[in-house]
Trainee: 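Here's a structure for you.
Everything numeric in this text was worked out from a predicted model, so none of it was measured.
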Amino acid sequence: VRLKQVLSELRIEHDVRDWSIKELTRYIGMNTNSPIYINAIRVHGDGLKMAAWLKALQRCQVIESVAQALNDFLKGTTADSKGCVVHEVQYGHRDSALRGRLFAIGTKVKIAGEKYMRSATLQGMPSDLRSPLVGAFSHDIDFENSEIRLVCSLAAQLGLEPLVPTLFVYRDQRNYWLDKICSLHNVAKNEAKRLPNIILSGGRYD
């Protein structure tokens, strides 16, 4: 029931949203001295504001795509008296070498501009969609710096601290190193938090 309500609301402005995304993308890609770009600034605000609007609209687009994929997958599923269904998923590695974190396996959803496809699962969907679907009866527990802390804990238990001294330094002086990452890569703090986790999971970033 909740999924159908969300989809219904998203579809109301689907065409307007798609048109706005195309126009904002066109404006942002223009020469800043172009008369059309200058006029767009008068209407929509400066380039940063247009970029923020574009990002928000694209996120709505992602939410609709994932919601539609999940709705298609769940068609024919028997609902209980409250309109809820049970959707169980398996977890697996993206890396063929079986390294890094586990990801929910579900219907794949290709999102323009994103490196990896999303899955029509609670883990793979945007938090904006997760909340209205299961927020009334579920809990999303997020531990601060959990991956680094888990590896440090395991290393301490096995007496292997000398093998990962940098992780202990990062764990104990996290804010200092996050500021360093923000400055070096010119990213916001939320993005900076992801970079050590990417490396820890066997990935890389440029």
Trainee: So, do Leu70 and Leu133 sit near enough that their side-chain heavy atoms are less than 4.5 Å apart?
Mentor: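 A side-chain contact exists here, since the closest heavy-atom pair is under 4.5 Å.
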Trainee: Hey, could you give me the OG/CG distance between Ser8 and Asn71, rounded to the nearest 0.5 Å?
Mentor: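 So the OG of Ser8 and the CG of Asn71 are separated by 11.0 Å.
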Trainee: So, do Ser119 and Phe103 sit near enough that their side-chain heavy atoms are less than 4.5 Å apart?
Mentor: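 The answer is no; the side chains never approach within 4.5 Å.
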Trainee: For residues Pro126 and Arg59, report the shortest heavy-atom separation together with the two atoms involved.
Mentor: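 Minimum heavy-atom contact is CB-NH2, 3.5 Å.
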Trainee: Would you say Thr25's side chain and Ile21's backbone share a donor-acceptor pair under 3.5 angstrom?
Mentor: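 Pair found, side chain donor or acceptor close to backbone of Ile21.
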Trainee: Is any side-chain heavy atom of Leu102 closer than 4.5 Å to one of His93?
Mentor: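 With C-beta onward as the side chain, the pair touches.
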Trainee: Search all heavy atoms of Pro196 against all heavy atoms of Tyr170 and return the closest pair with its distance.
Mentor: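 Where Pro196 meets Tyr170 most closely, the heavy atoms are CG-OH, 3.5 Å.
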Trainee: Work out which heavy atom in Tyr91 is nearest to a heavy atom in Ile105; give both atom names and the distance.
Mentor: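 Between these two residues, the closest heavy atoms are C-CD1, 4.0 Å.
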Trainee: Do other residues, nucleotides or ligands put more than 12 heavy atoms under 6.0 Å from the NZ atom of Lys49?
Mentor: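 Incorrect, the count does not exceed 12.
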Trainee: About how many Å separate OG of Ser131 and CE of Met125, when rounded to the nearest 0.5 Å?
Mentor: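 Reported to 0.5 Å precision, the distance equals 10.5 Å.
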Trainee: Does Arg26 CZ have over 12 foreign heavy atoms under 6.0 Å away?
Mentor: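 Buried by this count: over 12 neighbours within 6.0 Å.
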Trainee: Counting only heavy atoms from other residues, nucleotides and ligands, does the tally under 6.0 Å from CG of Asn186 exceed 12?
Mentor: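 No, the 6.0 Å shell around CG holds no more than 12 heavy atoms from other groups.
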Trainee: Is the backbone of Val109 close enough, under 3.5 Å, to the side chain of Arg118 for a donor and an acceptor to pair up by distance?
Mentor: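 No; judged by distance alone, with no hydrogens or angles, the pair does not exist.
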Trainee: Of Thr121, Ile63, Leu122, which meets side-chain contact (heavy atoms from CB on, under 4.5 Å) against Arg130?
Mentor: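 Result for side-chain contact (heavy atoms from CB on, under 4.5 Å) with Arg130: Leu122.
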Trainee: Group every Ile, Leu, Val, Met, Phe, Trp and Tyr by side-chain heavy-atom contacts under 4.5 Å, then state whether Ile148 and Tyr176 land in the same group.
Mentor: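 Same hydrophobic cluster.
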Trainee: Does the side chain of Leu167 come within less than 4.5 Å of Leu200's, by heavy atoms?
Mentor: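 A side-chain contact under 4.5 Å exists here.
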Trainee: With hydrophobic residues grouped by side-chain heavy-atom distances under 4.5 Å, do Val89 and Val66 end up in a single group?
Mentor: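 No: no chain of side-chain contacts under 4.5 Å links Val89 to Val66.
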Trainee: To the nearest 0.5 Å, what is the distance between CZ on Arg149 and CZ on Arg174?
Mentor: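 Taking CZ in Arg149 and CZ in Arg174, the distance rounds to 8.0 Å.
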Trainee: Distance from Lys193 atom NZ to Asn145 atom CG, nearest 0.5 Å?
Mentor: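 Between atom NZ of Lys193 and atom CG of Asn145 there are 9.0 Å.
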Trainee: Among all residues two or more places apart in sequence or in another chain, which pass the side-chain contact (heavy atoms from CB on, under 4.5 Å) test with Phe73?
Mentor: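 In terms of side-chain contact (heavy atoms from CB on, under 4.5 Å), with neighbours along the sequence ignored, Phe73 is linked to His87, Thr107.
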Trainee: Checking the side chain of Arg17 only, and the main-chain atoms of Leu10 only, is there a donor and an acceptor separated by less than 3.5 Å?
Mentor: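 Yes, because the side chain of Arg17 sits within donor-acceptor range (under 3.5 Å) of the backbone of Leu10.
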Trainee: If you round to the nearest 0.5 Å, how far is CD of Gln58 from CG of Asp18?
Mentor: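 Asp18 atom CG to Gln58 atom CD measures 11.0 Å (nearest 0.5 Å).
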Trainee: Check this for me: Glu23, atom CD, are more than 12 non-hydrogen atoms of other residues, nucleotides or ligands nearer than 6.0 Å?
Mentor: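 It does: Glu23 CD has more than 12 such atoms within range.
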Trainee: May I ask you to check whether over 12 heavy atoms, not counting those of Lys82, lie within 6.0 Å of atom NZ?
Mentor: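 Not buried by this count: 12 neighbours or fewer within 6.0 Å.
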Trainee: Quick check on the hydrophobic clustering: are Leu7 and Leu57 connected, directly or via other members, by side-chain heavy-atom contacts under 4.5 Å?
Mentor: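 No; Leu57 is not reachable from Leu7 via cluster members.
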Trainee: CD/Glu191 to NE2/His185 distance, rounded to the nearest 0.5 angstrom?
Mentor: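 Here the rounded value is 11.5 Å.
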Trainee: Are Val62 and Val134 linked, directly or through other ILVMFWY residues, by side chains that come within less than 4.5 angstrom of each other?
Mentor: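 Yes, one cluster joins them.
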Trainee: Grab the two heavy atoms, one from Ala156 and one from Phe168, that are nearest each other, plus how far apart they are.
Mentor: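 Ala156 and Phe168 have their closest heavy atoms at N-CZ, 4.5 Å.
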Trainee: Cluster question for you: counting only ILVMFWY and a side-chain heavy-atom cut-off of under 4.5 Å, with indirect links fine, are Leu184 and Val187 together?
Mentor: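 In one cluster with Leu184: Val187, no.
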Trainee: Quick one: does any side-chain atom of Ser183 pair with a main-chain N or O of Asp179 as donor and acceptor, under 3.5 Å?
Mentor: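 Side chain of Ser183 to backbone of Asp179, a donor-acceptor pair under 3.5 Å: no, none is there.
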Trainee: Hey, mind stepping through Ser153 and Gln157 against side chain to side chain donor-acceptor pair (under 3.5 Å) and telling me if it holds?
Mentor: CA-CA 6 Å; Ser153 176; Gln157 291 175 53; 3.0 Å; yes
Trainee: Mind checking whether Glu147 and Val151 have side chains closer than 4.5 Å, heavy atoms only?
Mentor: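 Result no, sub-4.5 Å side-chain heavy-atom pair not found.
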Trainee: Would you say Arg2 and Cys84 make side-chain contact, with heavy atoms under 4.5 Å?
Mentor: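 Counting from C-beta outward, Arg2 and Cys84 do come under 4.5 Å.
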